[in-house]
Amino acid sequence: MRFVHTADWQLGMTRRVLGARPPKEAAGGLTGEAQARFAQARLDAVSTLGRLADERDAAFVLVCGDVFESNLVGPDVVARACEALASFRTPVLLLPGNHDPADAACVLRRPDFVRRCPPHITVLDTPGVHEVAPGVEVVAAPWRSKHPLTDLVGEQLAALDPAPPGTLRVLAGHGELDVLDPDDDEPARIRRDGVLAALADGRVHYVALGDRHSTWADAVDDRIRHPGTPEVTDFDEVDPGHVLVVDLDEHAARVSVETVGRWRFVRHDAGLDGDDDLDALDARLAALLDKERTAVRLALVGTLSLRQRSRLDDLLAAHGHAFAAVEVLEQHSDLATVPDDADLDDLALHGFARDAATDLFAAARRDDAEARDALRLLHRLVGSPR
Amino acid sequence: MRLHRIRLRDFRGVHDREVALAERGVTVLQGDNEVGKTSTVAALDLLFDAADSSRRADIRAAQPAGVDAGPEVEAEVSTGPYRFVYRKRWLRRPRTELHVLEPAREQLTGADAHARVTAILDETMDRVLWRGLRVEQHTAVGQADLGGQDALTRALDRAASGAARPDPTADDGLVERAVEELRRYRTPSGRATGELRAAEVRLADAETEHERCRAALEAVERDVAARDRLDADAAGVRSRRLAHAAQVAELEDRWAGLQSRLREVETARGRAVLARERAETARERREARDALVAAVEADAAVVERAEEARDAHDAEHVAAREERDVLRAADTAARGEAAAARRAADDTARAVSAARDRAELADLAERLRRVEEAESGLAAAERVLATATVGPDDLDALEDLARDLLRAEAARDAAATRVELIAPAELTVVVDGEPVTLAPGRTQNLPVAGSRAVSVPGVLDVRVRPGHDEAGRDDAVRACARALDERCADLGVADLEAARAARRRADEAARRAAEHRAARDRELAGHGSTAALREAQDAVRGRLGEDDGVGRGDDLFSIAEPAAVEPVGADLAALRQASDAARVAADDAVRRADEAGAACRAAEDAVRGAETRAAVLAERAADARHAHARRAEELRAARAAEPDADLAAAEEDRRARAREAEREHESLAAALADDDPDTVEARVVNARAVDERLAAEAARLEREHAETTGRLQAAGLEGWHDQLAAAATELEAAVRDHDAVARRAAAARRLHETLARHRDRVRRSYVAPFRAQVERLARIVFGPSLSLEIDEDLRITHRTLHGTTVAFGALSSGAQEQLGLCARLACAALVDPADGVPVVIDDALGHTDPERLARLGAVFTAATAAEGAAQVVVLTCTPERYHGIGAATVVPLAPSRRPDDRDHRDDRDDRDDREHRDDRHDHHPDEHDVAPAGEDTPARTPGTVVDLPRTPRAG
């Protein structure tokens, strides 16, 4: 039996790093454009995995939670999602996750979703065993609220008897395993021991999870899996952009990891202490491919002179136009701009203007940011005489 | 910079002239108007500024008119380490040549030469200072705009610090650009504007929008939570209702059982009440019978008391009637006596009245007689009066006439001829027929009026006749006499005497008539007339006749008898006394009769009262008897229907039955109370209320559930997550944008503040040396008490002289001119010798008096005395102004004309020979090739060469 395991589509997500789309103004301009392309990319990833499922003749597509970024996404997001789903020929099972829990506002029960929802879509908003095909059961552990007080997966597993012979059981859950995120205060953590035990005694044959945006498989039993998000959502994700095609029998699962995502979120930490480092950064950024689908987050540490700082600014601005986004993460950066004597001489000032510049230099060396800005302005003004 | 020589060719009116300048001190270029002084300076500017290809207006203006030659300028200049000769020609065959002599020789032409000179000048010379220190012609020598020039500031800075020469364009207007930058963000008053304002607005909008979306999202989340809570609550309510229903059913059963027993108790209570009511009825009937028996007995007692009262009253009644009869008799007797006494009193009163009337009648008769006498006298006197013809007026008229006559006679006699008769012896003569005896010795005068006849009878007849006049007078006398006689005749009297007698008689008669009239009136007093008096008499007489019944004749007689009056008067007093006594007696009798009548009436009233009371008492006794009889009948009938004993037995029986019923009720009620029906009822009521409350709660929950669901469905379509995400992104971008702009704004402000602070500090540091230099020079002009105030822009603001401080603008034109000159020369003296630029003064000091001019000469000398002091070039057409300058080198300028074009030039002179325009004329068409340049010594053109004493170059 073959099915596609995916999760965390996060439809309707926007990323601030991709810039502002003024909420009350028509979308437009460079930043709004990146945001829109990113949104489209998420839908494209869904369409791609739908085609993949069709091509591989999968029995169904199981989406383990967080189909939507929020229960409160707009009707446009819902409508486009329904359009993308309508292109599938394979049945799809949608499990409510922590972003779209089956609470009173659940988007999967909203009239606009229900009205447009294609018939081959099943929403697993009731916990328990669902027979999705002869001899195939899916045990759903949907989120009913944003803050469940129990291990929903463990609850479902505890209520199960071993599967009847000839029946394959897939558990669909959403949440982190306690080994991945050992947070004792979180009651909804999934107990790995219980999952392993259920797999061992044949209550279930595959544990399909969601919530972790990176692709992951359990070391002890590789039938416990996170597929990761099909399209990257953040800089800290490890190897996102995949879906899992699972061939399952009662004893084992053969899993192939297929890539559907096209965007990249790249974080780069750089030490900047001179022109060489600037050259290296420049080269590094230039070497990145698919810039229009790449967001770069930089953490910069080091000390630059006034001139070098100006160069850095120019460099970042130039690359910023090519990339979907180039961001300097202030809280992880420690970049000091210390003007040196060469800077002062570059200005070639005399008289009181030189005195004033000397004052500002002294203040800038004492890490007076405003004085540094004033010096940069002075640089600019001196460089552009009338 | 130092100028060594300047050569002009075909430049405006100058055909070809070279001027050599003293390298230090003052060079005075003197010459007449239009000789080309100003052109020399203008040519220098063109040489340095305008490329040879330029066709600027001022270059075209420099072209001599009608000559096919371009203006050409050549100058030899030292500046910094350089010394060069620079030549340019424009418009015709333009050309530029540069020969650098020091420090290393080089030769350049064309654009290269121009660029090289520009570079040298930019490197070594302060062009702004060069212009700032110039005094243009026909402009007031006011304040040089020194402080506003950064270039001058820099020059002073260099002068003070000795720093290396910078790129002169590097900080040109730096402060202004900093201000401009600052104004992009903030207005002069410090308000945000432009980009900064837009960023602030964007940030505020983004915060508002973000907050709005966040609130909306939170509201939705609250609704989600509320829905969960509502679901849980509804389930709880349902289970509670279910549990409660059983409890309600059990209580309702118990309550129903208790209610049927309650009804039984109620029935028993009704029976007991009824039996008690019946017992009460029997008791009332028996009591009514007892009351009836008592009433019959009481009625009998009343009858008895009424009859006793009636009898007692009858006895009192008889006594009262007897007393009334006695009083009635006494009353009759008293009334008879009173009538008799009244008659007696009336008789005496009538007697008194008659006596009084008789006395009155006698009085009236006497008065009547006296009236009649007076009336007869009056009639006699009136008769006399009636005959009198002479009234008082008539008599007066007569008297007047008589007087007139006498006057007439007297007049006649006085004028008349007189005849005096004197007889020696007594003699009788007849005068006018009358004998007149003449006494002896006496003269007898005879007036002659009319004719007179005097005769001594027998002896002689003398006739005397008056003349004509005398006759007239006699006629007047006769007229008067005639008038008198006629008047007398009219009055019926003989003459005046008779008239007087008649008048006297009439007066007498009138007096008498008045007397009689008075007498009559006196008698008639109170009656008005005789007739009234007679009527009064007749009235009294009538009264007497009626009263006495005495015959009229007797009465008349008695009245007529005067003696009879006396006894009547005496009798009257006695009669009056008797009358008074009789009246008193009558009054007493009447009073007594009235008393008796009153007593009689009282007795009558008493009798009538007693009779009324007797009737009342009799009636009352009858009523009592009747009532007694009726009630006795009633009692008898009642007893016949139901004997007293039956009544008592029935009462006893009913009372026993009532007690029985009550006992039964009490026992039932006590049994019920033991089962506590109140508590059961309270619990039932409460259970029902709880049920209702739960139902309402369930309904409320259902309603809220529906509402929340509706809100959630609506919110789902709003896309709040998308809106919030967009708002958050926008907010972050707005914050970043605002931070960046705010940083730039702060930087601009910081830069401007820092620059301005340092510039001000530098300027302040310039003020002191600048002021010292200006004062040093100005004291030469104004004396040692002068001091100046100079602001940071290096402007002289106030001058203090002899302790009096005056603002610069308030100074006279002359003083302003002198101070302005001192300030420029001070600059020239202040700047570094290597940096100095020539101070050019084009014919100034027109406002300065000779004394000050002399002192200014010393100023020039002092300013240029120092080694390396700047060049000063003075252009003037009035050389005497500058005679006082000791260190001056005077260069007289003569016109440089083309010899072949004199006529043309003269024409122009006639038209334009005005001093203030001399810089624009003196055109001398001529054509020369560019002279070879580069000689170390100036070229000398015949007739225009001015040789100069050459001074050693300053260090």
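Keep in mind that what you see is a predicted model, and the values were worked out from it rather than measured. Throughout, protein chains are lettered first and strands after them, A, B, ... in sequence-line order, and every chain is numbered starting at 1.
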Is the number of heavy atoms from other residues, nucleotides or ligands within 6.0 Å of CZ (A:Arg267) greater than 12?
yes
I'd like to know whether CZ of A:Arg311 has more than 12 heavy-atom contacts from other residues, nucleotides or ligands below 6.0 angstrom.
yes
What is the distance from atom CG of B:Leu724 to atom OG of A:Ser70, rounded to the nearest 0.5 Å?
9.0 Å
Does any part of the side chain of A:Asp359, heavy atoms only, come nearer than 4.5 Å to the side chain of B:His758, both counted from C-beta?
yes
Exam field: side chain B:Arg177 to backbone A:Leu381, donor-acceptor pair closer than 3.5 Å:
yes
Correct closest heavy-atom pair for A:Ser145 and B:Asp228 would be CB-OD2, 4.5 Å
The interface call for B:Arg757 against chain A, heavy-atom contacts under 4.5 Å, is side chain
Is B:Ala178 in contact with chain A via its backbone, its side chain, both, or neither, using a 4.5 Å heavy-atom distance?
both
A:Ala371 versus chain B, heavy atoms under 4.5 Å apart: side chain, backbone, both or neither?
both
Heavy-atom pairs under 4.5 Å with chain A are the metric here; pick the option from B:Leu712, B:Leu751, B:Asp205 that has the most.
B:Leu751
Top contributor to chain A interface from B:Ala728, B:Gly719, B:Ala746 [non-hydrogen pairs under 4.5 Å]
B:Gly719
Decide if atom CD of B:Glu702 counts as having more than 12 heavy atoms of other residues, nucleotides or ligands within a radius under 6.0 Å.
no
With respect to chain B, which residue among A:Val77, A:Val73, A:Val78, A:Asp112 yields the maximal number of heavy-atom pairs within a distance under 4.5 Å?
A:Val73
Would you call A:Asp368 and B:Arg750 a salt bridge, using N to O less than 4.0 angstrom?
yes
Tell me the side chain to side chain donor-acceptor pair (under 3.5 Å) pairs involving residues 99-109 of chain A, sequence neighbours left out?
A:Asn71-A:Asp103, A:Arg109-A:Asp125
If you measure from CZ on B:Arg743 to CD on A:Glu370, what distance do you get to the nearest 0.5 Å?
10.0 Å
By salt bridge (Lys or Arg N to Asp or Glu O under 4.0 Å), which residues pair with B:Arg700, not counting sequence neighbours?
B:Glu697, B:Glu704
Is the shortest distance from a Lys or Arg side-chain nitrogen in B:Glu221 or A:Lys146 to a carboxylate oxygen in the other one below 4.0 Å?
yes
Neighbour count >12 (heavy atoms, 6.0 Å) for atom CZ, A:Arg116
no
Taking all non-hydrogen atoms of both residues into account, name the closest pair between A:Thr14 and B:Ala725 and its distance.
OG1-CB, 3.2 Å
Nearest 0.5 angstrom please: B:Leu717 CG to A:Arg110 CZ, how far?
5.5 Å
Above 12 or not: heavy atoms from other molecules or residues under 6.0 Å from CZ of B:Arg229?
no
Can you give me the closest heavy-atom contact between B:Ala748 and A:Leu377, atom names plus distance?
CA-CD2, 3.4 Å
When rounded to the nearest 0.5 angstrom, what distance separates CD in A:Gln35 from OG1 in B:Thr729?
5.5 Å
Would you find a donor on one side and an acceptor on the other, under 3.5 Å apart, between the side chain of B:Asp722 and the backbone of A:Gly74?
yes
